[in-house]
Amino acid sequence: MKQDKIGGLTVRLTGGTDGHGGGAGPLVMLLHGFGAPGDDLVPLGDVIGAPAGTRWLFPEAPLSLTMGYGDARAWWIIDMARIQADRAAGRVRDMSMEIPKGLALAREKVAAFLTDLPRHLLVDYKKTVIGGFSQGAMLSCDTVLQTGHPFAGLVQLSGNLLAQPVWGPLMAKRKGLPVFQSHGLQDDILPYAGAERLRDALSKAGLDVEWHSFRGGHEIPEPVLRQLGGFLTSVLAKR
């Protein structure tokens, strides 16, 4: 693994020809979730099947949190007390109309990272898949809709529909984009219904959504990793 600073973000690189993101193979970028350390998703590069030479990039969120353990980070601040109160009351939270205060700044950070990336390594965005888990999934979806980079695919692991007034009008411009989406039926952090709303909105706009539900919570189970490997092989090997 190699660690670098790109566009103001700390980034970890694995895979490629040297195990450190070397070569000119396809790229897979995964953004971690709220409260996770910057290296949270790095092990996935070793267990997800992908075309030979695939390079893995794991950007670290810029905000550092104090959560009582380790290095917890975030792309924007969320109201954990509200989530816990909703959970205790049995309320299913609908985030679809919410536009988090920190989303615009997080979007700028990722846009700067994508702009600076070609200065550090060979990049063909037509051979690049972007995605993430939880908060990272939602930010990667926002990035795909807000930027013009011709990504090969989008990965949504346990995400939800967010900022619908902003996202909705932008979705049609990504018509035909392959999307891998998974969500746990018992997810008590980001509701299953919110993932269904995202799936339906993307599908209605013409994106090609591959949907995987599973019995479980806010997680990425082993069957999903296998299915994701098949998706990556399908969208990257043919390019």
Side-chain angles (χ1 to χ4, degrees), residues 1-15 21 27-48 55-84 86-87 93 95 98 100-103 105-110 112-114 129-144 154-162 180-184 186-192 194-195 198 212 214 216-225 228 232:
M1 183 185 73
K2 174 184 176 183
Q3 186 168 306
D4 201 352
K5 199 80 169 180
I6 302 176
L9 296 180
T10 297
V11 183
R12 293 168 178 86
L13 302 93
T14 67
L27 286 171
V28 179
M29 306 179 190
L30 294 179
L31 282 59
H32 65 79
F34 178 88
D39 60 356
D40 183 55
L41 299 181
V42 171
L44 297 186
D46 293 327
V47 298
I48 297 175
R55 296 168 292 163
W56 297 82
L57 279 71
F58 303 94
E60 179 177 291
L63 303 180
S64 181
L65 306 174
T66 302
M67 301 186 68
Y69 57 92
D71 180 25
R73 308 198 70 83
W75 297 99
W76 65 83
I77 301 300
I78 62 175
D79 187 349
M80 289 301 297
R82 177 183 172 186
I83 292 176
Q84 292 167 355
D86 287 345
R87 186 190 308 170
R93 183 183 179 192
M95 301 170 55
E98 295 183 14
K101 292 181 180 178
L103 177 59
L105 182 57
R107 177 189 304 142
E108 291 176 10
K109 296 285 188 181
V110 175
F113 160 73
L114 294 174
V129 170
I130 189 171
F133 173 74
S134 191
Q135 190 181 69
M138 293 183 283
L139 180 55
S140 66
C141 185
D142 182 86
T143 297
V144 162
L154 172 65
V155 174
Q156 296 291 284
L157 303 171
S158 297
N160 263 204
L161 179 60
L162 190 71
F180 180 95
Q181 189 181 359
S182 67
H183 211 92
Q186 289 81 40
D187 194 327
D188 61 354
I189 302 296
L190 291 175
Y192 185 80
L198 176 61
H212 297 278
F214 59 88
H218 201 60
E219 58 188 299
I220 313 173
E222 193 274 336
V224 167
L225 296 178
L228 178 53
L232 294 175

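Expressed to the nearest 0.5 Å, how far CD of Glu219 lies from CG of Asp187 amounts to 8.5 Å. Distance CD1/Ile220 to CD1/Ile48: 7.5 Å, rounded to 0.5 Å. Interatomic distance, CG of Leu63 versus CZ of Phe34, reported as 9.0 Å (0.5 Å rounding). A distance of 9.5 Å separates CE in Met29 from CG in Leu13, rounded to the nearest 0.5 Å. Going from atom NE2 of His32 over to atom CG of Leu157 covers 14.0 Å, rounded to the nearest 0.5 Å. To the nearest 0.5 Å, atom CZ of residue Phe214 and atom CD of residue Glu222 are 12.5 Å apart.
The main-chain N or O of Gly38 is never found under 3.5 Å from a side-chain atom of Arg73 such that the two would form a donor-acceptor pair. Judged purely by atom type and a 3.5 angstrom limit, Asp71 has no side-chain atom pairing as donor or acceptor with the backbone of Ser64. Of the possible donor and acceptor atoms, one in the side chain of Gln181 sits under 3.5 Å from a partner among the backbone N and O of Ala195. Between the Gln156 side chain and the Ala137 main chain, a donor and an acceptor come within less than 3.5 Å of each other. Between the side chain of Gln135 and the main chain of Trp75, a donor-acceptor pair closer than 3.5 Å is present.
Leu162 is not listed as a side-chain neighbour of Leu198, based on a closest heavy-atom distance of 4.5 Å or more. A 4.5 Å side-chain heavy-atom check between Asn160 and Met138 finds at least one atom pair inside the cut-off. Inter-residue side-chain proximity for Ile130 and Val144 is flagged as met; some heavy-atom pair is nearer than 4.5 Å.
Across all their heavy atoms, Ser158 and Leu190 have their closest contact at O-CD1, 3.3 Å. Here the closest non-hydrogen pair linking Phe58 and Gly45 is CZ-N, 4.1 Å. Closest non-hydrogen pair, Gly132 versus Ser140, comes out as N-OG, 3.7 Å. The minimum heavy-atom distance linking Val224 with Ser182 is given by the pair CG1-OG, 3.6 Å. Between Tyr192 and His183, the closest heavy-atom pair is CA-CD2, 3.6 Å. Across every non-hydrogen atom of Leu232 and Trp56, the tightest pair is CD1-CH2, 3.7 Å.
Under the side chain to side chain contact (heavy atoms under 4.5 Å, CB included) rule, Leu30 has a single partner from Asp40, Leu57, Leu41, which is Leu41. A side chain to side chain contact (heavy atoms under 4.5 Å, CB included) with Leu228 is found for one member of Val28, Val129, Val155 and no other, namely Val155.
Taking the six-membered ring for Trp and thresholds of 30 and 60 degrees, Phe133 and His218 have ring planes inclined between 30 and 60 degrees apart.
For Thr10 and Gln3, the side-chain atoms include no donor-acceptor pair closer than 3.5 Å.
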Criterion side chain to side chain contact (heavy atoms under 4.5 Å, CB included) on Leu31 and Val110, from CA distance to verdict: CA-CA 10 Å; Leu31 282 59; Val110 175; 4.3 Å; yes

Side chain to side chain contact (heavy atoms under 4.5 Å, CB included) assessment of Ile77 paired with Leu65: CA-CA 9 Å; Ile77 301 300; Leu65 306 174; 3.4 Å; yes

